[in-house]
J.: 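Could you have a look at this structure, given as structure tokens, before my questions?
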Amino acid sequence: MTHAILRNLTQKNPCMVRGEGIYLYDSDGKRYIDGASGSALACNIGHGVKEVAAVMATQAEELAYNPFHCSHSQAYEDMAERLIRWAPKGFVRVFSVSSGSEAVENAVKFGRQYHVARGVPSKYLVISRWQSYHGNTLGALACSGATGRRRRHTPMIRDAIHIPPAFCYRCAFEKTYPACDLKCARALENAILQEGPENVSAFIAEPVVGAALGGVPAPPGYFQKIREICDRYDVLFIADEVMCGLGRTGANFAMDHWSVVPDIIAIGKGMGSGYFPMAACLVADGIMHTMQSRGAGFEGVHTCCGHLLGSRVTSVILDYMEKNDLVRNSRQQGELLLQGIEHLKASRPSVGDVRGLGLMCGVEFVKDQATREPFPSELKVAEHVMDACMDRGLIVYPGHGTIDGASGDHLLIGPPLVITSKQIGDLLAILQDAVAVVEKEIRI
Ligand SMILES: Cc1ncc(COP(=O)(O)O)c(C=O)c1O
């Protein structure tokens, strides 16, 4: 009998009691490789880091929390300074909140309030993409294109406009890169013109799609084209780097891979690495300058904005990442992980596509590698693979609706950025075994 609500209302999950680096231990003493860095791809620095625990204890004794409506803290200032140092040139201010969903909603609000402040109040619409995930609060869900997570709530949300994702393995336009001339990016221009540029506030996208597609980076040139279109129609570009930011993809920010600078970046997950719920909007100079010069404040405060203890935790995490060169490690180990999963594709017929950037990798399962036909949804292949991995001591993150919101199975694999080459080998061995067992069960 439990009084606590878990994600699955009927299943009994193992109870985790201890963590160290990439490993978690349950109450029976069983060890798991945390191949998903928590839920999902959050615990960038790994579990049980003593430096973080020590700072949390001393800071909590001294002062954990200050009233945000009338006071400031050096901890918040220091964290903001570090994040701006990590960010692309042009970013000047940080607004911290407690979850990725809040970061996304506040990014959208920053966009809207900027347009109002500069005297263009007609701009309010947000354009996003199908098969995206921007969070689970109603506002963030409105931007999300993950059908399974949205459907029950769609009557309650004020929906964003959705365009097809940049997903070459299953191109919505049935084209091939680069001959496609980035039709998926040009779809944004079409949507803006349909809605009227005077009504469109912002476009939001994950540079590497996480939960909804399983580690899919946009192709080269995509975000350059997006930036061009946004500039042409006076539309802000919000990069949702809640999952892919802060070193996860082997660069400080995933957008660095395209050398494109967005107007607002939403971050979360790795910012608190599971030690503290931290997320933020990073806002570029142009927006801040306009809002300040027009005397506009920002309406969007929450109880735990600029959290003092949380800010200290994020600063320690960023320092730890710098000291241990974890962005580089993510890049190097990510290459190994991707190569390993590519090998898996060669030996396991159910592995249809392998993708990723840094330590944010994905596997898509198919019934037929040649035709890319998916498994019937009711087989729940990704969940079976996750269960088989769990049995063998590996945690991965399953996803569904990869193709059209309803069918398609994938796994997201993203261990903590402290993982070693030897541990990548251990993870791959378990994954290989688990996929083979599930293939046998479903007789492929
Ligand atoms: C890209 C992206 N944006 C936003 C969110 C929402 O973050 P949170 O669950 O912290 O609200 C997530 C969570 O998975 C995410 O992956």
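The first residue of the sequence shown is numbered 1, and numbering continues consecutively from there. Indexing begins at 1, ligand by ligand and atom by atom, following the structure's order.
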J.: Need the ligand 1 atom indices (1-based, order shown) with element for anything under 4.0 Å from a heavy-atom of M243.
T.: 16 (O)
J.: Angle between ring planes, H72 versus Y76, binned at 30° and 60°: parallel, tilted or perpendicular?
T.: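 Plane angle over 60°, so perpendicular.
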J.: Got a donor-acceptor contact below 3.5 angstrom from the S144 side chain to the Y133 backbone?
T.: no
J.: Just wondering, do L428 and L337 contact through their side chains at under 4.5 Å, heavy atoms?
T.: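 Counting from C-beta outward, L337 and L428 do come under 4.5 Å.
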J.: Compare S101, G272, A40, C244 and give the one whose heavy atom is closest to atom 6 (C) of ligand 1.
T.: S101
J.: Using a 4.0 Å heavy-atom threshold (strictly under), name the region of H134 that reaches ligand 1: side chain, backbone, both or neither.
T.: backbone
J.: Is the shortest distance from a heavy atom of N136 to ligand 1 less than 4.0 Å?
T.: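 Flag not set, N136 not near ligand 1.
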J.: Are K269 and ligand 1 in contact, using a heavy-atom cut-off of under 4.0 Å?
T.: yes
J.: Does anything in residues 383-396 form a salt bridge (charged side-chain N to carboxylate O under 4.0 Å, His left out)? List the pairs, not counting sequence neighbours.
T.: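 Pairs touching residues 383-396 that pass the test: R392-D433.
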J.: Between G100 and ligand 1, is there a nitrogen or oxygen pair with a distance under 3.5 Å?
T.: yes
J.: Do Y397 and S37 come within less than 4.5 Å of each other through their side chains, counting heavy atoms only?
T.: no
J.: Using modelled atom types and a 3.5 Å cut-off, is there a donor and acceptor pairing between side-chain atoms of R129 and backbone atoms of P165?
T.: no
J.: Between K225 and E189, does any NZ, NE, NH1 or NH2 come within less than 4.0 Å of an OD or OE carboxylate oxygen?
T.: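 Looking at K225 together with E189, the answer is no, because their closest N to O distance does not fall below 4.0 Å.
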J.: Considering only non-hydrogen protein atoms, determine which one is nearest to atom 5 (C) of ligand 1 and report residue, atom name and distance to 0.1 Å.
T.: V242 CG1, 3.7 Å
J.: Considering only protein heavy atoms, which is closest to atom 2 (C) of ligand 1, and at what distance to one decimal place?
T.: Y133 O, 3.2 Å
J.: Can you classify the ring geometry of F276 versus H307 as parallel (below 30°), tilted (30 to 60°) or perpendicular (above 60°)?
T.: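 Because their plane-to-plane angle lies in the 30° to 60° range, the rings of F276 and H307 count as tilted.
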J.: Looking at S99, which atoms of ligand 1 are within less than 4.0 Å of one of its heavy atoms?
T.: 10 (O), 11 (O)
J.: For E206, is at least one N or O under 3.5 Å away from an N or O on ligand 1?
T.: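 Min N/O separation from ligand 1 is not below 3.5 Å for E206.
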J.: Considering the heavy atoms of D240, write down every atom of ligand 1 situated less than 4.0 Å from one of them.
T.: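 Checking each atom against D240, I get 1 (C), 2 (C), 3 (N), 4 (C).
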